[in-house]
Amino acid sequence: MTTYAVVDLETTGTKLNGHHRIIQFSCTFVKGNRLAGSFTTLVNPERRVDQEVLRLTHLKQRDLDNAPLFDDVAGTIYELLAETTFVAHNIQFDYRFLSQEFERVGYPPLTLPGIDTVQLAQILYPTQPSYRLSDLTRALGILHRHPHQADSDAAVTARLFIKLQRRLRSLDRGVVQRLASLSRCLLYETGRCFTAAAHYQQHVGTKPHRNQKAVEGLILRRHAEPVALTALEYPQTKRKKERLFKGELDYRREQARMMNDVFRTLTQKTTALFEAPTGVGKTLGYLLPVAYAASTGAKFVISTATTTLQGQLLQEALPVVTRLTAQPVPVMLLKGNNHYIDIARFARTLQRPVSEHSQLLQMKILVWLSETTTGDLDELHLTQQQDPLFAQIRHHGIDSLSADDPFYDEDFLVRQAEEQRHVPVIITNHAYLVQHAAEFAAMNRCLIVDEAQHLPDTVLDQPAVQLDFDAIKIAADTILTLMESHESLALRDLIGKSGISRAEYVALRADLRVIDHQVPEIRTALLANFTLRDDGTQLPAMTLNFGRFTGFVKGHLGPISKITKAAVRVHTSLTRLRHRLAGTDQQHQFTPEEQQFLTTFFETGDALITTLLPWRVFDLTYLEDLQATAMVSLQRAADNPNAHLRLVVGIAATTDYLNQQVYRFFQQVLLVGANLTLRNREQTKKTYDLSGAATFYHYKAPFDYSKQAAAFLVRDMPSVREIGRGEYAKQLVAGLAPILRQEHRQTLILFNSLAVIEAVYAQLGVVGITSERPVMAQGVTGTVAKLKKRFVLAKNEGAILLGTGTFWEGVDLPKDQLELLVIAQLPFESPTTLLNQVRYAREQAKHHNPFVTLSLPRTVQRMNQGLGRLIRTPDDIGAMVVLDSRIVTQRYGKTFVKAWPDSLPVKTCSVKQLTNQLAVFYAQHPAK
């Protein structure tokens, strides 16, 4: 019957430096998991409060001036909190700030036990995308009327705390016991919640959950039974669609046309390209026909550009299809191995000491494992997975598993492999598709490529095969030392006891010595053959002639084959030994020192095998398959002769690659996207590697750009190249500042360089914009994922986001989430990268101008994607400003304008005229 005091403070600032003061204190009491009264008071801080704080808290300076001093209310508050447990959302701030204030006015510091609802929520709701109080309560259905007001925040946190307590007690008993055993890592006395819940469950005798089961002490979700589909009749006519859509979707003529075209194409088994501008509703345009075709036995692979978009398809689009058809289509998401948790590896981390932060993650994962059906670590919504724990628990693929492991049958990738042959719809991403297309060959599936404009780039950008000669040498030296001469303990000391015989030990050592001695010899030969200048110095990076490299491989086939065979035998030996020791380890035959040594030995062995995987670049069959599309280069850090030397094999052209390596494994291929068509149909076919029989479908944009948007092209802004980065940032901000002060609208400013973003952000601070409006800058104030989330959440604050790269696309910002789009720099790619040098050289060899055939079309396509961020719904209003004057002064600028919607008004002006031009536009186009 503990009394919990749920506290929230509003203060003049967040730094615990003794200078800031409380302006509002509120406390809501909880007892017996029920609300039990509250207390709140304003506090006079004896100073002027920043306008930003007053705006955020909705407090008024005059009310604070008339409020009691903290000295006057400290005694009441101290007495109220006596003999309670202090609870707060982010307890580190509220507890320490209040304790500091008590000491300032002569009271003892707080010694109350404390509980942090942030950590509780992170553990008990592990898949929440945000744990800010307002975001969390909204997700959990707790009404929060006045965020950032202490009385409202305290009351809401109290209701959240009650919900968290109930949630904790509802978990499986095995999960709660595990959580209790790890809970000492938590802030203050937060861990007591878990030990109390464990005692409670033991007292009341809770039953195991029917949809969960215990495996080696972990609670896992049971396998779901397959769902049988009922055949559905596709709604071909407008009347049938309107009847189907009623209450769920508005009937859109172009979307209905697309649905019919897709469904007809699926029945005809032909190849087709569907170009659907923003607003057509292309996702449902193909998903609804897919659902009807799947109901009659058709099977599909749907590939989209990113793992984020995979999640959007599953969580946003497919539920709509399910509601329309009244029949859920069984779907599986496929991603790369490292997206998934290896349960066995995770279980092993629970047996060894880890940091407090890693323990918190372990607690979060224990709850998640009891609920997840996929094992996809992305479900945890961690913007960064840099904790050492993730390196230990990421999956290394089915081949890394032992069939004898007790978790084998529960492994998520094993279950995926069993289910994917039967599930009607598989959703993956382009990177996975390009690397694993052959695995779908025997499944008789249709391939639908959504966001198909990214597929060629994915082929070119897929991780190149990188063979690091020096990393192989280091790993081989290390494992040989562990075998023979490690200072405290070596593998030879465990012969017999470890399960390895003398003969196996000798054979493994011999194979490792082959790798250790001969890999450096191949390295030396490559350097001698390819990277010496006339003066005898070595190049930091160079592209190799493919035919000459193949000749090198043939000339050194003997030692290359010897290394290949040795690497295979080392992998086999280490795998066999690890599986043999798994049983021995369970019988506790090793001392703790020996167990730690064996863990280190096998981790080093894994590192060696990983560094040897790219050795296939020396396989002649592999090289023959890639000779028409690949580039080979030797690379090392510039001006550092001791840097690691890497042999890199990547894809330089998509022509013939997509047909041979992707499309041929499917019954038919459909490409879908908003910006697919390039200069002409033939170039489009060439880019996407389509056959001559492919059918093209185009749909009209549903927006009236003449009434919703306008483009303003500035003719007199100098470029970075002309005046340098520092001066450019000053002139750009000088032109932007009047606009940003006049138009207090959600603004996205797109660049082509992170270095320029940094300079512009600094200059915005110099002129005071960063203190007037929330300004976010990629690479300066946060990661891409963090900035996307913050920008959307700050839609009512007139936020400004400076971005590049990924912000040109894939960000859905409808209505007032984006009203002003500024293109600071045209998104041309650097022509100096190794990949572009190879691609440009190939075009020149064909007597083509690579700027015209490669660079310009790709940049125009990127610009259209940027424009697509601005107008997303029929109610959107927005202006696009292009500050790169090349769009006006260069002949190729007309190419950009011609690619925009015909109804989009385009106006040319000077920097000085821009502020008035925008004022007129927004006056004539008030937001609906």
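- No more than 12 heavy atoms of other residues, nucleotides or ligands shown are found within 6.0 angstrom of CG on Asp250.
- Annotation for Leu164 and Thr117: closest pair CD1-O, 3.9 Å, computed over non-hydrogen atoms.
- The structure places CD of Gln731 at 4.0 Å from CD1 of Ile723, a figure rounded to the nearest 0.5 Å.
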Would you sort out whether Leu377 and Trp368 count as a side-chain contact (heavy atoms from CB on, under 4.5 Å), showing the intermediate values? CA-CA 10 Å; Leu377 290 165; Trp368 172 66; 4.0 Å; yes

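- By the neighbour-count criterion of 12 heavy atoms within 6.0 Å, atom CD of Gln315 is densely surrounded, having more than that number from other residues, nucleotides or ligands.
- The main-chain N or O of Lys282 is never found under 3.5 Å from a side-chain atom of Tyr699 such that the two would form a donor-acceptor pair.
- The pair Asp63-Lys60 does not meet the salt-bridge criterion, since no charged nitrogen lies less than 4.0 angstrom from a carboxylate oxygen.
- None of Gln51, His58, Glu52 except one satisfies the side chain to side chain donor-acceptor pair (under 3.5 Å) rule with Arg55; the exception is Glu52.
- Between Glu254 and Lys700, no side-chain nitrogen of the basic residue sits less than 4.0 Å from a carboxylate oxygen of the acidic one, so the salt-bridge criterion is not met.
- For the pair Thr747 and Arg773, the minimum side-chain heavy-atom distance is below 4.5 Å.
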Evaluate the criterion side-chain contact (heavy atoms from CB on, under 4.5 Å) for residue pair Asp884 and Asn752; output intermediate values, then yes/no. CA-CA 11 Å; Asp884 192 325; Asn752 207 25; over 6 Å; no

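- Relative to the six-membered ring of Tyr922, Arg745 meets both conditions, a distance below 6.0 Å and an angle of at most 45° to the axis.
- Side chain to side chain, His89 and Thr157 fail the donor-acceptor criterion of an N or O pair below 3.5 Å.
- Across all non-hydrogen atoms, the minimal contact from Thr915 to Gln742 is O-NE2, 3.0 Å.
- Using a 4.0 Å cut-off between charged nitrogen and carboxylate oxygen, Glu758 and Arg725 do not count as a salt-bridge pair.
- By the 30° and 60° cut-offs, the orientation of the rings of Tyr697 relative to Phe274 is parallel.
- Of the possible polar contacts, none joining the Arg48 side chain to the Gln61 backbone as a donor-acceptor pair under 3.5 Å is found.
- Under the 30°/60° scheme for interplanar angles, the aromatic rings of His925 and Phe921 are found to lie parallel.
- The closest side-chain donor-acceptor pair between Ser26 and Asp151, if any, does not fall under 3.5 angstrom.
- Results of the side chain to side chain contact (heavy atoms under 4.5 Å, CB included) test with Gln24 over Leu59, Thr11, Leu9 single out Leu59 as the only residue that passes.
- Counting only N and O atoms by type, the side chains of His144 and Asp153 include a donor and acceptor under 3.5 Å apart.
- When Asp450, Thr428, Asn429, Thr304 are each tested for a side chain to side chain donor-acceptor pair (under 3.5 Å) with Gln310, only one passes: Asn429.
- Side-chain N/O atoms of Asp378 and His339 include a donor and acceptor closer than 3.5 Å.
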Yes or no on side-chain contact (heavy atoms from CB on, under 4.5 Å) for Trp900 and Leu904, after CA distance, side-chain angles and deciding distance? CA-CA 7 Å; Trp900 295 339; Leu904 177 68; 3.9 Å; yes

Given Phe751 and Tyr761, is the ring-ring contact (aromatic ring centres under 6.0 Å, His included) satisfied, shown in steps? CA-CA 12 Å; Phe751 296 83; Tyr761 178 79; over 10 Å; no

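- For the pair Gln708 (side chain) and Pro874 (backbone), a donor-acceptor distance under 3.5 Å is present.
- Listed for the Glu451 side chain is no donor-acceptor partner under 3.5 Å among the backbone atoms of Gly673.
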